[in-house]
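Along the sequence shown, residues are numbered consecutively beginning with 1.
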Amino acid sequence: MAGRINDDDVKAVRDAVPIDAVVSEYLQLRNAGGGNLKGLCPFHDEKSPSFQVSPSKGLFHCFGCQEGGDTIAFVMKIDHLQFSEVVERLAAKAGITLRYEEGGYNPSHQRGERIRLVEAHKAAAQFYVEQLDGPEAEIGRKFLAERGFDQAAAAHFGVGYSPAGWDHLTRYLRGKGFSDKELIASGISQDGRRGPIDRFRGRLMWPISDTSGDIVGFGARKLRDDDNGPKYLNTPETAIYKKSQVLYGIDLAKKDIAKASRAVVVEGYTDVMACHLAGVTTAIATCGTAFGGDHIKILRRLLMDNGSARVIFTFDGDAAGQKAALRAFEDDQKFAAETYIAIAPDNMDPCDLRLAKGDESVRDLVEPRTPLFEFALRQIVGRYDLETPAGRAAALDEAAPVVAKIKTGSVQREVAVQLAGFVGILDQEYVVHRVNQLAQWARGRGDQRGPARASSRAGAQHQQVQAPTVPAGPALNLRSPAHRTERELLKLALQKPVLVSPAFDAYGVDEFTAPPYAAVRQCIAEVGGAELGVADTREYLVQVLDATPNDTVRKLVTELAVEVFHGKSIDEAYAGEHLVKVRLRAVDRRINDVQGSLARLGSNVAPDHLAAAQNEVWVLQQYAQSLRNSGADAL
């Protein structure tokens with residue numbers, strides 16, 4: 001049976017790996033105030049960032065879909081891993097050796113599937129790199145040299161060579177402790193008549209990494225005429241490699257994409273290499289598939305969808321390249337970024353352009369030139385004879401729905417005017433009206449495949465359809481002053497326990513009128529109170545999260561632990577104000593309850609009960625007055 005990871009080691013991993021560093025591998029984060037960071041949530045589609053990270057507490061929370069938790073929970077969800085797999089992965093990054101209970105540690109059996117597959121790819125990539133220096137790989141080195149890539153360039157991109165034999169890599173990885181089952185599952189090997197054989201043989205190899213930098217697959221280029229396989233052969237779909245969800249070069253480009261708010265989409269591995277070597281370090285490429293929705297999600301998280309973001313597509317000017325550009329335009333409205341197309345002179349790709357005209361020509365190529373929508377419209381209009389009324393009408397019929405997809409009304413009108421000029425229709429308002437009518441019809445139909453998907457309300461509708469359902473729980477009324485105060489006090493107890501301790505720990509669960517807040521108060525009580533967090537707030541938060549009875553309460557705890565405060569100065573005075581407000585409301589409620597009970601009983605109340613109740617009311621009233629006069633000093 002797999003050993004349980006020692007609790008102290010799990011805590012060491014949590015403390016050693018900053019959550020903002022881990023999250024930043026998947027999306028761009030910006031300052032959100034109060035020591036928090038924000039970005040576009042990777043777990044649901046959204047137009048503006050509602051995903052917040054608190055580095056000081058090691059927690060994240062999305063105020064849109066309610067996902068939240070610590071570093072381990074984030075990696076578990078985004079990479080679909082088990083708890084132990086994530087701890088092992090983060091421990092490896094932090095250089096922490098894990099201890100296992102219940103029988104010790106057996107690496108070949110106890111490491112999770114994803115960890116093992118990634119390790120197999122890492123070992124394979126190193127094997128391929130070493131093979132590139134051998135005599136057999138001369139043809140591969142020549143291929144690279146002819147395209148302007150020297151040994152240093154190959155090393156930078158991890159380019160290698162797969163030997164032509166049947167099972168060189170398979171035998172090598174077996175020697176490293178990987179089982180045949182793991183090698184087949186990884187896609188590195190495939191079934192042969194006598195057992196597993198190498199999938200890639202006699203080819204130039206490019207490692208394909210995910211956003212976090214883990215190698216999850218390979219792209220292999222044919223080098224010999226006697227190779228009957230396709231020109232490019234990629235890793236098949238596996239548990240860790242989904243071709244629609246990976247972008248070649250994203251591990252190298254992600255920081256510069258986020259920094260420059262710009263991405264350049266090229267068509268192949270050598271084009272990415274050429275761009276990066278020429279100084280265009282934001283270049284990435286798809287891996288054997290068209291650029292699509294999942295790729296857009298990756299880029300949107302890095303670009304943050306700000307108004308200055310740019311995505312530039314480079315396609316060959318031939319028919320296939322034009323088709324690829326039009327296909328990219330189909331997904332254009334999923335971006336908030338502006339999209340452009342760049343086509344090199346003489347239909348050269350970036351790799352050929354660098355060879356022919358140097359690095360500067362590559363840098364010049366990817367400067368935004370033609371908006372993608374303009375290119376798409378010109379391609380459509382160009383298929384018709386605009387010298388005839390019938391040709392102009394047909395061109396308008398095909399192009400108008402394209403313009404109707406544009407998400408911003410003002411831009412849609414401007415492009416409609418441009419379309420009138422492209423087609424040669426003098427009555428611009430007629431074209432504007434036609435486009436507007438199509439957009440309205442699409443909105444009315446709610447056609448997810450038509451212009452409605454890209455209309456001005458597409459974001460809201462898309463979120464309505466796809467956003468995860470928030471777990472059901474007792475209702476909160478954030479317009480209620482009582483609920484707002486209780487929420488703020490719980491935020492203080494979770495985020496700044498030193499400001500409310502030890503007074504907060506004397507508060508009963510019943511002093512919180514909103515049932516969800518009462519549940520959070522109960523969790524704090526179960527771990528020993530807020531005073532526990534004075535010495536180590538992060539470990540205290542971990543214990544509170546562990547004490548939550550269900551996902552609903554757990555998500556509320558993470559939400560409260562990262563939410564910014566409403567006050568300008570979060571100090572003892574601010575904390576005292578909220579401690580007093582919550583206690584004073586609780587005292588007033590008790591006074592009302594006792595007086596109401598006496599009123600209902602009327603003359604039937606027993607004398608001793610009446611005296612006790614009146615005394616309780618008097619004591620509570622004196623306490624309430626003291627709270628009003630002296631504030632937190634009266635607690």
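- Here E119 pairs with R116 in a salt bridge; the nearest charged N to carboxylate O distance falls below 4.0 Å.
- One distance of note links CG of L37 with CG of L29; it measures 5.5 Å at 0.5 Å rounding.
- Within the 4.5 Å cutoff, the side chain of Y340 has no heavy atoms near those of the L372 side chain.
- Using a 4.5 Å heavy-atom cutoff, the side chains of H121 and S186 are in contact.
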Show me the donor-acceptor pairs within less than 3.5 Å that the side chains of residues 247-255 make with the rest of the protein, sequence neighbours left out.
from: K254; atom 1: NZ; to: T211; atom 2: O; distance (Å): 2.6

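- Under a cut-off of 6.0 angstrom, the local environment of NZ in K93 is crowded, with over 12 non-hydrogen atoms contributed by other residues, nucleotides or ligands.
- Annotation: cation-pi pair K77/F43 present, NZ/CZ under 6.0 Å from the ring centroid and within 45° of its normal.
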(request) Verify side-chain contact (heavy atoms from CB on, under 4.5 Å) between V264 and V272, making sure each step is shown before the conclusion. (result) CA-CA 9 Å; V264 175; V272 171; over 6 Å; no

(request) Go through the steps to decide whether T71 and L90 satisfy the test side-chain contact (heavy atoms from CB on, under 4.5 Å), and finish with yes or no. (result) CA-CA 9 Å; T71 311; L90 296 177; 4.0 Å; yes

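- Neither side chain, H61 nor Q52, offers a donor N or O lying under 3.5 Å from an acceptor on the other.
- No side-chain donor-acceptor contact under 3.5 Å links R221 and T270.
- Residues F60 and S54 form no side-chain contact, since every pair of their non-hydrogen atoms from C-beta on lies 4.5 Å or further apart.
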(request) Please assess V23 against F51 for the test side-chain contact (heavy atoms from CB on, under 4.5 Å), listing each intermediate value before the final yes or no. (result) CA-CA 11 Å; V23 175; F51 181 90; 3.8 Å; yes

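- The aromatic rings of Y269 and W206 lie parallel to each other, their planes meeting at an angle below 30°, with 60° marking the opposite boundary.
- Interatomic distance, S50 OG to F63 CZ, rounded to the nearest 0.5 Å: 8.5 Å.
- For the pairing with Y161, the side-chain contact (heavy atoms from CB on, under 4.5 Å) check across V129, L132, L144 returns one residue only, L132.
- A salt bridge links E563 with R487; the closest basic N to acidic carboxylate O contact falls under 4.0 Å.
- Side-chain contact check for V265 versus I312: every heavy-atom pair is 4.5 Å or farther apart.
- Taking the six-membered ring for Trp and the full ring otherwise, F149 and F143 have centroids separated by 6.0 Å or more.
- For the pair K297 (side chain) and G293 (backbone), a donor-acceptor distance under 3.5 Å is absent.
- The environment of E237 atom CD is dense: over 12 non-hydrogen atoms of other residues, nucleotides or ligands sit within 6.0 angstrom.
- Annotation for N36 and P55: closest pair CA-CD, 4.5 Å, computed over non-hydrogen atoms.
- Note that CG of D256 and OG of S261 are 11.5 Å apart. Values are rounded to the nearest 0.5 Å.
- Across every non-hydrogen atom of A16 and I96, the tightest pair is CB-CD1, 3.8 Å.
- Looking at R363 and E367, their side chains never come closer than 4.5 Å, going by heavy atoms from C-beta outward.
- A donor-acceptor contact under 3.5 angstrom links the side chains of N234 and Y241, judged on distance only.
- Within the 4.5 Å cutoff, side-chain heavy atoms of L541 are placed close to those of L494.
- Within the model, atoms CD of Q495 and OG1 of T537 stand 10.0 Å from one another, a figure rounded to the nearest 0.5 Å.
- For the atom pair CD1 (I343) and CZ (F313), the distance works out to 12.5 Å, reported to the nearest 0.5 Å.
- Across all non-hydrogen atoms, the minimal contact from A125 to I215 is CB-CD1, 3.6 Å.
- For the pair P49 and L40, the tightest heavy-atom approach, listed with the atom from each and the gap, is N-CD2, 3.7 Å.
- Between D349 and V266 the shortest side-chain heavy-atom distance does not fall below 4.5 Å.
- Without hydrogens or angle criteria, Q412 side chain to A404 main chain gives a donor-acceptor distance under 3.5 Å.
- Dense packing is recorded around NZ of K222, with more than 12 heavy atoms of other residues, nucleotides or ligands lying under 6.0 Å away.
- Annotation for K496: atom NZ does not count as buried by contact number, only 12 or fewer foreign heavy atoms lying within 6.0 Å.
- Using a 4.0 Å cut-off between charged nitrogen and carboxylate oxygen, R114 and D214 count as a salt-bridge pair.
- Nearest heavy-atom pair across A416 and V435 is CB-CG2, 4.0 Å.
- Annotation: side chain of L59 is in contact with side chain of L545 (closest heavy-atom distance under 4.5 Å).
- A distance of 10.0 Å separates CZ of R199 from CD1 of I188, quoted to the nearest 0.5 Å.
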(message) Checking D551 against K555 for the salt bridge (Lys or Arg N to Asp or Glu O under 4.0 Å) test, could you report, in this order, the C-alpha distance in whole Å, the side-chain angles of both residues, the deciding distance, and whether it holds?
(response) CA-CA 6 Å; D551 284 344; K555 288 176 180 179; 5.5 Å; no

(request) Could you walk me through whether Y128 and V159 pass the side-chain contact (heavy atoms from CB on, under 4.5 Å) test, one step at a time? (result) CA-CA 8 Å; Y128 289 143; V159 182; over 6 Å; no

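- Few gaps surround CZ on R538; more than 12 heavy atoms of other groups in view lie less than 6.0 Å from it.
- Between V362 and R354 the shortest heavy-atom distance is CG2-CB, 3.6 Å.
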